[in-house]
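Down below is the structure, laid out as structure tokens.
Owing to the predicted nature of the structure, the values given are computational and were not obtained by experimental measurement. Sequence lines set the chain letters: A, B, ... in the order given, protein chains first and strands last, and positions in each chain run from 1.
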Amino acid sequence: MPLLTHRPRGTVDVLPREMHRWHYVEAAIRDVCARFGFDEIRTPLIEHAELYVRTTGETTDLLEKETYTFEDRGGRSLTLRPEGTPGVARAFLENGLQNEPMPAKFYYLGPMFRYERPQAGRYRQHTQFGVEIFGAPGPEADLEVMLIAVTFFRSLGLSSLTVHLNSIGCPSCRPAYRQTLIDYYRAHRAELCPDCRRRLERNPLRLLDCKEEGCQPLKQAAPSSIAHLCPDCATHFSRLRSLLERFGLDYTLDPTLVRGLDYYTRTIFEIIYQGLGAQGTVCGGGRYDGLIEAVGGPSVAGVGYGIGLERVLLTLEKENIALPPARGTEMFLAVAGSGAGGGDALADRVQDLLYDLRRAGIAADTDVLGRSLRQQMRYADRRGAKLVVVIGPDELASGQVKVKKMASGEEVSTTLADLAAVAKSLLATTGETDR
RNA sequence: GUGAAUGUAGCUCAAGGGUUAGAGCGCCGGACUGUGGCUCCGGAGGCUGGGGGUUCGAGACCCCUCAUUCACCCCA
């Protein structure tokens, strides 16, 4: 449909009236990251397609069918970033950040692009908040990453989230486990769903999160990766678990939890909200100790997560969590008698006053359409103005004005000279929830 | 990529195959140019998602297409 007036599939317009929700969540992110010692990093929305092939993995669904990849005018194959981690890893190496004090702790915030069928909580352009720690191989880093996510959710008032945890081992123990899994499933090949039969050779770990009814009994009895960890991985995992318990961080051990990206090692986790329907994963992450090497760098450990902000906003809605309202108009200057005796002198004076208020730090506005006082009051009300002051020939002459508190209708007398100061003190005492 | 449901005004929805497609809310204006919320009155706003077909006649029925929503797959 060649409609000029339609946005591309799977994208959203964030309208002015809902923007304060985004700003609030973004402020919460910056605050929690500062407290945990993470610095923001901004990487391009486009990267060389090869970067994702080398990191995310060529045989993952994400790369096989979900990326926006195109050739630019110079013949380069570029990909619109489908996730944040590879770009951060690339920037880390390219800028020599491994020479700065370790560990390196970053966060990022911005749009990701995946060509998928949109549905509840799933978009072709969505916004992710992610963190990465490079150069910290111990389980304390895993803890820190999980803790910052949970702290972020709690700061928004979200508590009904469940943390799912698993460990999928490392290059020294995973191949053997993988083979054990293949052997197990091969013996039951006939009972598997067609999807699983296809995935068996290619990516056997994926069979563990099959949702097909018939595969459930097999899945329950399947050998778990946790039982096949090498000593190092097992120690890492048990230490992490005791740390989590020490912090009272509830989690569910989920041996069927696997991730769709190739670079994960050892710890993987998801944070899930039940009320979102099928797309309930609000945060997904884990450890990726081989990632930096995959990009061509030295061996540097990594751990992090991505949080889908659209899903977080959706969760806040479902949980009926009220966010502070937008700042809005704080003081509206209504012009009286402009048609009659006012003239340019009045208009000029109103403009002066308006700019004075704005310079004083007050969100002030006035009427520029020459409307009746009644219309101006109505407009101020609709715009949510907290205070209104009427300025006309009388006020100019006497220097006396009345500031009206819109929520209560109460009026406070003052002088034109003190207007900004009085407005400020009134705003300070006017509760946010008055309206 | 697969399956299902739904597309009518900015939003939520009416209109049993039959005049000029309506209502509520919202928007703009008037009653009301020195005070908002209430009330009354008026106005703007529609290629009924798009294309084809059936019919004397289609918003409605059929086909295609596009979009939205939900689910699968996968993920945040």
Side-chain angles (χ1 to χ4, degrees), chain A residues 1-3 5-12 15 17 56 60-66 82-85 110-130 149 193-196 198-199 203 206 209-212 257-261 269-273 276-285 304-315 332 334-342 367 369-395 401-409 411 435:
Chain A
M1 181 169 35
L3 267 190
T5 53
H6 208 282
R7 61 181 183 268
R9 189 161 199 206
T11 62
V12 295
L15 301 178
R17 63 168 165 266
T56 309
T60 57
D61 280 12
L62 183 55
L63 244 68
E64 270 184 348
K65 48 188 195 191
E66 294 177 7
E83 52 153 343
T85 302
M112 306 295 162
F113 303 85
R114 298 181 187 180
Y115 189 86
E116 300 183 273
R117 278 287 281 270
Q119 71 185 73
R122 194 170 76 184
Y123 308 95
R124 290 187 172 180
Q125 176 180 334
H126 76 280
T127 312
Q128 260 187 54
F129 151 47
C193 70
D195 254 2
C196 283
R198 191 169 43 77
R199 285 185 292 211
N203 198 349
R206 286 242 75 94
D209 70 349
C210 180
K211 279 109 190 162
E212 211 53 49
L257 180 64
V258 292
R259 310 250 69 215
L261 315 179
F269 68 93
E270 280 188 11
I271 299 179
I272 296 169
Y273 174 67
L276 279 189
Q279 311 299 323
T281 300
V282 129
C283 170
Y305 66 67
I307 288 177
L309 293 187
E310 283 80 3
R311 287 183 189 177
V312 171
L313 266 328
L314 231 43
T315 304
F332 187 84
V335 187
S338 60
D367 174 71
L369 298 178
R371 284 183 284 204
S372 71
L373 185 59
R374 178 178 294 276
Q375 295 289 356
Q376 293 181 59
M377 291 300 293
R378 191 175 150 86
Y379 175 75
D381 183 46
R382 297 276 167 104
R383 294 280 302 172
K386 293 183 180 65
L387 305 172
V388 171
V389 60
V390 178
I391 312 281
D394 296 351
E395 285 76 10
V401 290
K402 281 179 182 164
V403 177
K404 182 169 187 174
K405 296 158 96 167
M406 292 297 272
S408 61
E411 290 190 322
R435 298 186 53 90

Using the C1' atom on both, measure C41(B) against A67(B) and round to a whole Å.
39 Å

Regarding K402(A), tell me which of base, sugar-phosphate or nothing describes its non-hydrogen contacts under 4.0 Å with the strands shown.
nothing

R117(A) (side chain) and G3(B) (base): donor-acceptor pair under 3.5 Å
yes

For V390(A), which contact category applies under a 4.0 Å heavy-atom criterion: base, sugar-phosphate, or nothing?
base

Taking G29(B), C75(B), G36(B) as options, the one with an atom nearest any side-chain atom of K404(A) is G36(B)

Select base, sugar-phosphate, or nothing to describe what Y123(A) touches, counting heavy atoms under 4.0 Å on all strands.
base

Under 3.5 Å: donor-acceptor pair, side chain of E395(A), backbone of G392(A)
yes

Would you kindly give the OH-to-P distance between Y379(A) and C27(B), to the nearest whole Å?
12 Å

If I pick the P atom on A60(B) and the same atom on A14(B), what distance separates them, to the nearest angstrom?
16 Å

Determine whether any donor atom in the side chain of R259(A) lies under 3.5 Å from an acceptor atom in the base of C74(B), or the reverse, and answer yes or no.
no

Regarding E270(A), tell me which of base, sugar-phosphate or nothing describes its non-hydrogen contacts under 4.0 Å with the strands shown.
nothing

Taking the P atom in each of A58(B) and C74(B), what is the distance between them to the nearest angstrom?
48 Å

5'-most by nearest nucleotide on RNA chain B - I307(A) or R17(A)
R17(A)

Euclidean distance for C1', C62(B) against U2(B) (whole angstrom):
24 Å

Between Q125(A) and T11(A), is any side-chain donor less than 3.5 angstrom from a side-chain acceptor?
no

If we take the C1' atom in both C13(B) and C28(B), what is their distance in whole Å?
23 Å

I'd like to know if the side chain of Q128(A) reaches the main chain of E83(A), judged simply by a donor and an acceptor atom lying under 3.5 Å from each other, with no hydrogens or angles considered.
no

Between CG of L15(A) and C1' of G26(B) the distance, given in whole Å, is 15 Å

Examine C70(B): is either OP1 or OP2 under 4.0 Å from a nitrogen or oxygen in the side chain of Q119(A)? Give yes or no.
no

Taking CG from L276(A) and P from C70(B), how many angstroms apart are they, rounded to a whole number?
11 Å

Does G10(A) reach a base, just sugar-phosphate, or nothing at all? Heavy atoms under 4.0 Å.
sugar-phosphate

With rounding to the nearest 0.5 angstrom, report the CD1 to CD1 distance, I271(A) to I307(A).
6.0 Å

What's the gap between U69(B) and A23(B) when it is taken at their C1' atoms, as a whole Å value?
25 Å

Checking all strands, does G284(A) fall into the base, sugar-phosphate, or nothing category for heavy-atom contacts under 4.0 angstrom?
sugar-phosphate

Of the listed C70(B), G34(B), C74(B), the closest approach to the Q279(A) side chain comes from C74(B)

What's G409(A) touching, base or sugar-phosphate or nothing? Going by heavy atoms closer than 4.0 Å.
base

Choose from G34(B), C74(B), U69(B) the nucleotide whose nearest atom is closest to any side-chain atom of P118(A).
U69(B)

P118(A) and G10(A) have their tightest heavy-atom pair at CG-CA, 3.8 Å

Tell me: CZ of R383(A) to C1' of G26(B), nearest whole Å?
15 Å

Any chance you could lay out the salt bridge (charged side-chain N to carboxylate O under 4.0 Å, His left out) test for K65(A) and E116(A), step after step, and finish with the verdict?
CA-CA 8 Å; K65(A) 48 188 195 191; E116(A) 300 183 273; over 6 Å; no

What integer distance in Å separates E116(A):CD from C72(B):P?
13 Å

I'd like the P distance from G10(B) over to G45(B), given in whole Å.
11 Å

Roughly how far, to the nearest 0.5 Å, is the OG1 atom of T127(A) from the CZ atom of R311(A)?
12.0 Å

Measure from NZ or CZ of R124(A) to the centre of the six-membered ring of Y115(A), then state whether that distance is under 6.0 Å and the direction lies within 45° of the axis.
yes

Has the side chain of R378(A) got a donor or acceptor that lies under 3.5 Å from a partner of the other kind on the base of C28(B)?
no

Taking the ring centre of each residue, are F129(A) and Y305(A) less than 6.0 Å apart?
yes

Classify the side chain of R122(A) and the base of A76(B) as holding, or not holding, a donor-acceptor pair under 3.5 Å.
no

Rounded to whole angstrom, note down the P distance from C75(B) over to U68(B).
23 Å

Read 5' to 3' with Watson-Crick or G-U pairs under 3.5 Å, [ ] for crossing pairs and | for partners on another strand, RNA chain B gives (((((((..((((....[...)))).(((((.......))))).....(((((..]....))))))))))))....

Out of A76(B), U68(B), C27(B), which nucleotide sits closest to the side chain of R9(A)?
U68(B)

Phosphate OP1/OP2 of G34(B): any Q376(A) side-chain N/O under 4.0 Å
no

Counting only side-chain heavy atoms from C-beta out, which of C73(B), A76(B), G34(B) sits nearest to P393(A)?
G34(B)

First of M377(A) and E66(A) reached from the 5' end of RNA chain B, by closest nucleotide:
M377(A)

Please state how far atom CG in D381(A) lies from atom P in G26(B), giving the value in whole angstrom units.
12 Å

Whole angstroms only, please: what is the CE-C1' distance between M112(A) and A76(B)?
10 Å

Ignoring hydrogens and angles, tell me if any N or O in the side chain of R122(A) forms a donor-acceptor pair with the backbone of R117(A) under 3.5 Å.
yes

Hey, does G121(A) reach any base, or is it just sugar-phosphate, or nothing, if we go heavy atoms under 4.0 Å?
base

